[in-house]
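Notes to accompany the following structure.
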Number of protein chains: 2
Amino acid sequence: MKAGSVPNAVSNVTRRAFVSTGAVAILSAHLGRTEGGQTQSDPLPSWNDGPAKAAVFAFVRDATDKSSPKYVEPADRIATFDQDGTLWTEHPLYGQAAFALARVGEMASSHPEWKQKEPFKSVLAGDREAMSKFTEADWLQIVAVTHAGMSTETFQGLVKDWLARAKAPRFDRPYTDLVYQPMLEVMRHLRANGFRTYIVTGGGQEFVRVYSERVYGVPPEQVVGSSIMTTYDNTGSKPVLMREPKPFFIDDGPGKAIGINLFIGKRPQAAFGNSGSADFKSGDAQMLEWTQAGDGARLMMLVLHDDAMREYSYGPAAGLPDTHVGTFSNELLLEATKNAWIVISMKNDWKRIFAFD
Amino acid sequence: MKAGSVPNAVSNVTRRAFVSTGAVAILSAHLGRTEGGQTQSDPLPSWNDGPAKAAVFAFVRDATDKSSPKYVEPADRIATFDQDGTLWTEHPLYGQAAFALARVGEMASSHPEWKQKEPFKSVLAGDREAMSKFTEADWLQIVAVTHAGMSTETFQGLVKDWLARAKAPRFDRPYTDLVYQPMLEVMRHLRANGFRTYIVTGGGQEFVRVYSERVYGVPPEQVVGSSIMTTYDNTGSKPVLMREPKPFFIDDGPGKAIGINLFIGKRPQAAFGNSGSADFKSGDAQMLEWTQAGDGARLMMLVLHDDAMREYSYGPAAGLPDTHVGTFSNELLLEATKNAWIVISMKNDWKRIFAFD
């Protein structure tokens with residue numbers, strides 16, 4: 001199957017959702033609804049009309065209509081969003097990985113031994129082939145030197161500085177420009193209807209919190225992510241939290257359901273992801289499964305990267321090889337079909353992808 | 001020093017705060033203030049006039065007055081409250097410990113071996129002397145059988161059932177009746193002024209979340225506490241999170257500053273506690289220290305249990321032996337003096353202690 005096309009399985013999934021929710025009628029009804037005599041403008045202008053857009057409207061209508069059997073109390077209106085590949089671009093490599101590699105470069109002059117020592121040697125040589133084969137242990141070494149051994153405040157400062165300088169490949173723009181406009185609209189639409197929008201990311205919690213408010217309108221306390229150990233140090237003039245080179249919590253795969261319970265303590269009504277490895281050890285499958293297992297209105301959606309023209313196209317579900325960055329496996333596609341999760345085709349469902357489009 | 005009296009050190013601390021904040025003037029100004037032509041009613045009616053009450057008003061005024069150099073943006077208005085001994089009674093033993101001991105009794109018929117096996121033997125024999133000497137390892141064994149080996153939903157159900165049945169010693173009332181009315185008023189007053197009120201407890205996060213909304217008006221996502229490991233299990237008809245007999249996070253002592261950063265990601269403007277062991281390994285000292293180290297209006301308060309008549313009086317700061325339950329050590333009292341943290345005398349500052357008084 002060639003890049004950019006939507007596989008049949010996806011068409012089936014979306015067609016099924018379309019029919020089962022009576023989405024066309026709902027969409028029309030929503031757009032025609034008047035409040036206070038004014039025609040309501042479309043809160044999702046970057047979405048093409050279709051089953052995915054209609055599913056969002058149907059969900060919000062059910063959740064907020066007191067006469068609906070699926071009504072959701074405002075206190076329980078929680079929606080969770082994966083970040084990489086769901087809210088912003090994750091190819092050719094995760095933003096946070098780009099930050100880590102850049103830091104290795106910046107720190108190299110103080111570490112002459114890195115020129116001879118893997119994994120740093122490959123990073124400094126810009127050897128993409130070698131880097132693509134880095135093991136988890138390699139990445140842990142890179143995280144240890146770039147993300148730990150400093151206070152939380154120092155780390156936040158480094159991330160902020162990097163974000164202001166760094167340019168993402170292909171687009172030559174700041175990473176925070178590569179945010180999906182249609183997803184920002186969904187987040188805003190949900191918040192306008194009483195939902196709290198959480199980011200639930202496999203990426204670093206402290207990393208994402210640096211820009212979550214500015215970029216997504218999500219405050220730090222609504223960012224759940226992976227984290228390393230911190231220790232409290234009050235031996236200096238003011239207390240600091242020191243970041244230690246030891247993993248603490250991995251918010252990925254089953255960890256996303258665990259993290260949601262740990263940090264939020266409530267089951268979401270809606271969950272948005274884009275990835276799931278074939279063994280489901282990483283990605284968003286469990287977050288969607290956990291979300292679906294509750295009562296009331298429910299919405300589970302997966303972003304499919306099938307638009308090589310406007311962004312990237314990758315992974316088995318798009319009929320392409322697994323890049324191991326944001327894998328949408330065929331196994332996840334089967335789960336989506338089985339559970340009637342809505343697959344969003346970036347190519348077909350999104351009128352534009354970025355705000356700058 | 002006899003039970004129930006306020007030691008001189010506390011008088012000094014409160015007197016100092018009283019003078020340094022010009023508290024009398026602030027208090028009078030606050031109570032006389034009119035808005036929309038109406039005299040504002042006292043939001044803290046269970047507090048006697050004095051430095052502690054005045055400090056709360058001064059803090060809220062500074063934090064919310066846009067012309068104040070200490071003004072705090074609404075997004076940053078966060079207040080954290082320890083639970084045991086700060087929001088509800090912790091003597092003669094923590095509510096959650098009472099739950100665990102009751103569970104041991106309920107489970108004993110399925111565990112005949114417990115009659116011969118410590119620590120269960122002492123619990124079943126009601127041997128308070130032996131129980132008061134339980135080590136951390138003993139308590140971990142009790143937690144393992146009473147708090148783990150079940151799903152989060154099953155655990156929540158057990159806690160809910162127990163709370164509906166159990167009666168606290170001395171008062172013969174449900175544990176959730178033993179909540180301090182003056183502290184509820186402070187929480188409400190802060191929320192009315194745009195603050196989000198978090199519970200930051202050494203106790204179990206999942207335990208407190210069962211009743212936090214009903215009792216304190218604090219939703220589950222604003223409860224930070226200690227936790228055990230959970231694992232995701234989707235082998236049954238619906239996915240569950242299983243509670244494992246392994247500690248995950250200890251939200252106590254330095255862990256309170258770590259937990260605040262981990263779960264909230266912002267530094268609080270106000271923090272309320274009541275305990276600190278002599279070595280500061282447990283209690284609220286670091287939470288208050290971490291809170292104080294930020295900018296803008298700040299409020300750090302410690303509840304002193306010096307009212308044996310109406311509740312309990314205990315610990316070195318009240319001139320009594322250390323019970324090892326909610327220790328207010330002399331070392332903490334020195335920190336309070338040094339840092340101008342306000343000590344609340346339950347006896348002198350609180351007009352009433354419980355809503356049923």
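Because the structure is predicted, anything quoted here is derived from the model rather than measured. Chain letters run A, B, ... following the sequence lines, proteins first, then strands; residues in each count from 1.
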**Study point:** Most contacts with chain B, counted as non-hydrogen pairs under 4.5 angstrom, among Thr230(A), Leu241(A), Val224(A)
**Key:**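 Of Thr230(A), Leu241(A), Val224(A), Leu241(A) has the most heavy-atom pairs under 4.5 Å with chain B.
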
Check your understanding: Relative to chain B, which of Gln205(A), Gln286(A), Lys238(A) shows the most heavy atom pairs under 4.5 Å?
Key ->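 When all of Gln205(A), Gln286(A), Lys238(A) are compared, Gln286(A) has the most.
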
Review point. Quick one: what part of Phe280(A) sits under 4.5 Å from any heavy atom of chain B, side chain, backbone, both or neither?
Key: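 Neither part.
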
Practice item. Please flag which part of Glu206(A) lies under 4.5 Å from any non-hydrogen atom of chain B: side chain, backbone, both or neither. Key: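 Contact with chain B: side chain only.
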
Point to revise | Validation row: Val215(B), Trp88(B) side chains within 4.5 angstrom (heavy atoms) | key: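 No - every pair of side-chain heavy atoms lies 4.5 Å or more apart.
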
Review point. Is it true that Tyr94(B) and Phe207(B) have ring centroids separated by less than 6.0 Å?
Key: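 When the ring centroids of Tyr94(B) and Phe207(B) are compared, they turn out to be at least 6.0 Å apart.
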
**Study point:** Within the 6.0 Å centroid threshold, strictly below: Phe248(B) and Phe248(A)
**Key:**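 Yes, they do, as the ring centres are separated by less than 6.0 Å.
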
Point to revise | Residue among Ala75(B), Ala293(B), Pro220(B), Pro219(B) with most heavy-atom pairs under 4.5 Å to chain A | key: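 The candidate making the most pairs under 4.5 Å is Pro220(B).
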
Practice item. For each of Gln292(B), Glu213(B), Glu289(B), Met229(B), tally heavy-atom pairs with chain A at distances under 4.5 Å, and name the one with the top tally. Key: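 Most pairs with chain A among the choices: Glu289(B).
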
Check your understanding: Is Glu221(B) paired with Arg196(B) through a side-chain N to carboxylate O contact shorter than 4.0 Å?
Key ->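 Here Arg196(B) does not pair with Glu221(B) in a salt bridge, since their nearest N and O are not under 4.0 Å apart.
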
Point to revise | Thr64(B) OG1 to Phe195(B) CZ distance, which is reported to the nearest 0.5 Å | key: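 Interatomic distance, Thr64(B) OG1 to Phe195(B) CZ, rounded to 0.5 Å: 7.5 Å.
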
**Study point:** Atom pair CE/CZ of Met187(A) and Phe81(A) - distance to nearest 0.5 Å
**Key:**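 Result: 5.0 Å between the selected atoms.
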
Check your understanding: In terms of heavy-atom proximity below 4.5 Å to chain A, should Thr231(B) be classed as side chain, backbone, both, or neither?
Key ->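 Backbone only.
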
